[in-house]
Amino acid sequence: MSVSIIILAAGEGTRMKSATPKVLHQISGKEMLFHTIDAAKEISDDIVVVLSYEYERVKKAVESEYDGIRFHRQNRQKYPGTGGAVMGIEPKYDKVVILNGDMPLVLPGSIQRLIEAEGEIAMSILKLNNPSGYGRVVVDNGVKAIIEEKDCTKEQLDISEVNAGVYAVSKELLYKYIPRLNNNNAQREYYLTDIIEMAVKDGVMVSGVVVPQEEFMGVNSKSDLAKAEEIMQQRIKNRWMLEGVIMHLPDTIYIDCKASFEGECELYSGVVITGDTKISTSTIYSHSVIEYSSISQSNIGPMAHIRPNSIVTNSKIGNFTELKNSTVIDTSAGHLSYLGDCEVGSGTNIGAGTITCNYDGKAKHRTKIGKNVFIGSDTQLVAPVEIADDTIIGAGSTITKDVPKGALALSRVPMRIIKGYFYKFFQKSK
Ligand code: UD1
Ligand code: MG
């Protein structure tokens, strides 16, 4: 499609009160700016991101995720403001859409409606009960001008139609008016919004498109960030429920935007799924956390923790069991275990309280557990160590050497019975 998209992301975002640039804050596991880029990519193959504050850091972050995005460095000392941001860009196509990098909820359909609106300029309008913080749109038989809040008269402050900050405009008009902008205003900035009044004065038709507030909310503070994430979560969960995932008390469940489900899955309350986790035909019980892992044909939790890079197939991982960087097939690890940097073969039972001692204080080591292994409760497996197929480990053992196929390994101190010791120790009579 022949539309260029400019994403404004050069602002400092001081209201975020953060060392992280505003547009790199994450919403449901993805940077705010990346959500906007994703929407833009649905519409255009010519995307320009305008940066200034932390230019290198933001550019690097974008480049690590996307190819073919262009960057424009705004000279904010000389030309501050949204008008300054678009100066000197050369869009590839005749039509230009301007988006904001801090509007992560905008969907391609709404951008499309602006593109298809009548007239050479289309601007997005929100109707708000409380318009404070936004530029007011002067409407009088059509859009006439946008007045920034700090420049408004008392009467103008009462206008409830505000500028949502997204525009579709012909390249020709945009770059006809941009050089004419000035900074004679309360903020001493070059306002992109001033092009509206200039165009109207020249008889250009400007159409105002009323857009959904939920999509066009800007994120300026961490409070806004939380609100945006809530909306994003609703979208993500709704999508997966429509795909067949059962969710109990979905408001308490968190799902990363990169996570995916297959087959029939069921999630109980309080489940947290992060990263590009894939879950297929499995049940995740309450308050389990699954990070960057792959789960299929399994039951997890309640209160299990599956840490990154784990693959769980046809297994039962029970309460208070933690996995990390481990591959587990046809296995039951029902209670209170830590399986880190390990491999477990099929038909194996991991007794309650089994711990892989994977870290010796300097390096991480692997534990290999074969097929049909019965590991008794409260076993420590000191890695690197290998437990061959068809073996039994006695409860309470500390395994420091490889166990050969078919063997029983036991490191328990023999139990002793000392008759009558209690009465002797406490000097009590029977
Ligand atoms: C802007 C609009 C206002 C509108 C509001 C909607 C102008 C002058 N005002 O105001 O009418 O109601 O958005 O949210 O456009 N940016 C740059 N370079 C800059 C300044 C800003 O790239 O020099 C970027 C920011 O990173 C941000 C976007 O432009 O993504 C909007 O900037 P912001 O400062 O939030 O604009 P507002 O003052 O809110
Ligand atoms: Mg501002």
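As the structure lists them, so they are numbered: ligands from 1, and atoms in each ligand from 1.
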Per-atom contacts, ligand 1 versus G101 - under 4.0 Å to a heavy atom: 30 (O)
Distance-minimising heavy-atom pair for Q380 and D378: NE2-O, 3.5 Å
Side-chain donor-acceptor pair present, T277, S293, cut-off under 3.5 Å: no
Residue portion contacting ligand 1 (non-hydrogen atoms closer than 4.0 Å) for A9: backbone
Residue of the set I284, N314, T283 for which side-chain contact (heavy atoms from CB on, under 4.5 Å) holds with N299: T283
Polar proximity ligand 1 side, T82 side, N/O cut 3.5 Å exclusive: yes
Heavy atom of G218, distance to ligand 1 below 4.0 Å: no
S52 and ligand 1 - part of the residue with a heavy-atom distance under 4.0 Å: neither
D102 touching ligand 1 at heavy-atom level, < 4.0 angstrom: yes
L192-ligand 1 polar pair, N/O distance under 3.5 Å: no
Contact atoms of ligand 1, heavy-atom distance to G81 under 4.0 Å: 18 (N), 19 (C), 20 (C), 23 (O)
Ligand 1 to G11 polar contact by distance, N or O atoms, under 3.5 Å: yes
Given T321, T354, N358, the one that forms side-chain contact (heavy atoms from CB on, under 4.5 Å) with Y338: N358
Counterpart residues, side-chain hydrogen bond (donor to acceptor under 3.5 Å, both in side chains), relative to S294 (two or more places apart): none
Proximity of E148 to ligand 1 by residue part, where a heavy atom lies under 4.0 Å: side chain
Test of proximity, L8 against ligand 1: N or O pairs below 3.5 Å: yes
Single hit among I295, I300, I290 for side-chain contact (heavy atoms from CB on, under 4.5 Å) with S282: I295
Option nearest atom 18 (N) of ligand 1 (shortest heavy-atom distance, choices M123, M217, Q74, M32): Q74
Salt-bridge criterion met for D341 and K364 (N-O under 4.0 Å): no
Gap separating the CD1 atom of I369 from the CG atom of D389, nearest 0.5 angstrom: 11.5 Å
Any residue meeting side-chain contact (heavy atoms from CB on, under 4.5 Å) with Y55, in chain and number order, not counting sequence neighbours: L51, K59, F71, R73
Side-chain ion pair, K176 and D202, N-O less than 4.0 Å: yes
Proximal ligand 1 atoms for G135, defined as those under 4.0 Å from one of its heavy atoms: 3 (C), 4 (C), 11 (O), 12 (O)
Backbone or side-chain N or O of G165 under 3.5 Å from ligand 1 N or O: no
Minimum-distance pair of heavy atoms, taken over all atoms of P131 and R136: O-NH1, 3.3 Å
Atoms in ligand 1 flagged as close to A85, the criterion being non-hydrogen separation under 4.0 Å: 17 (C), 18 (N), 22 (O)
Proximal ligand 1 atoms for N163, defined as those under 4.0 Å from one of its heavy atoms: 2 (C), 3 (C), 4 (C), 5 (C), 6 (C), 11 (O), 12 (O)
Proximity of R76 to ligand 1 by residue part, where a heavy atom lies under 4.0 Å: side chain
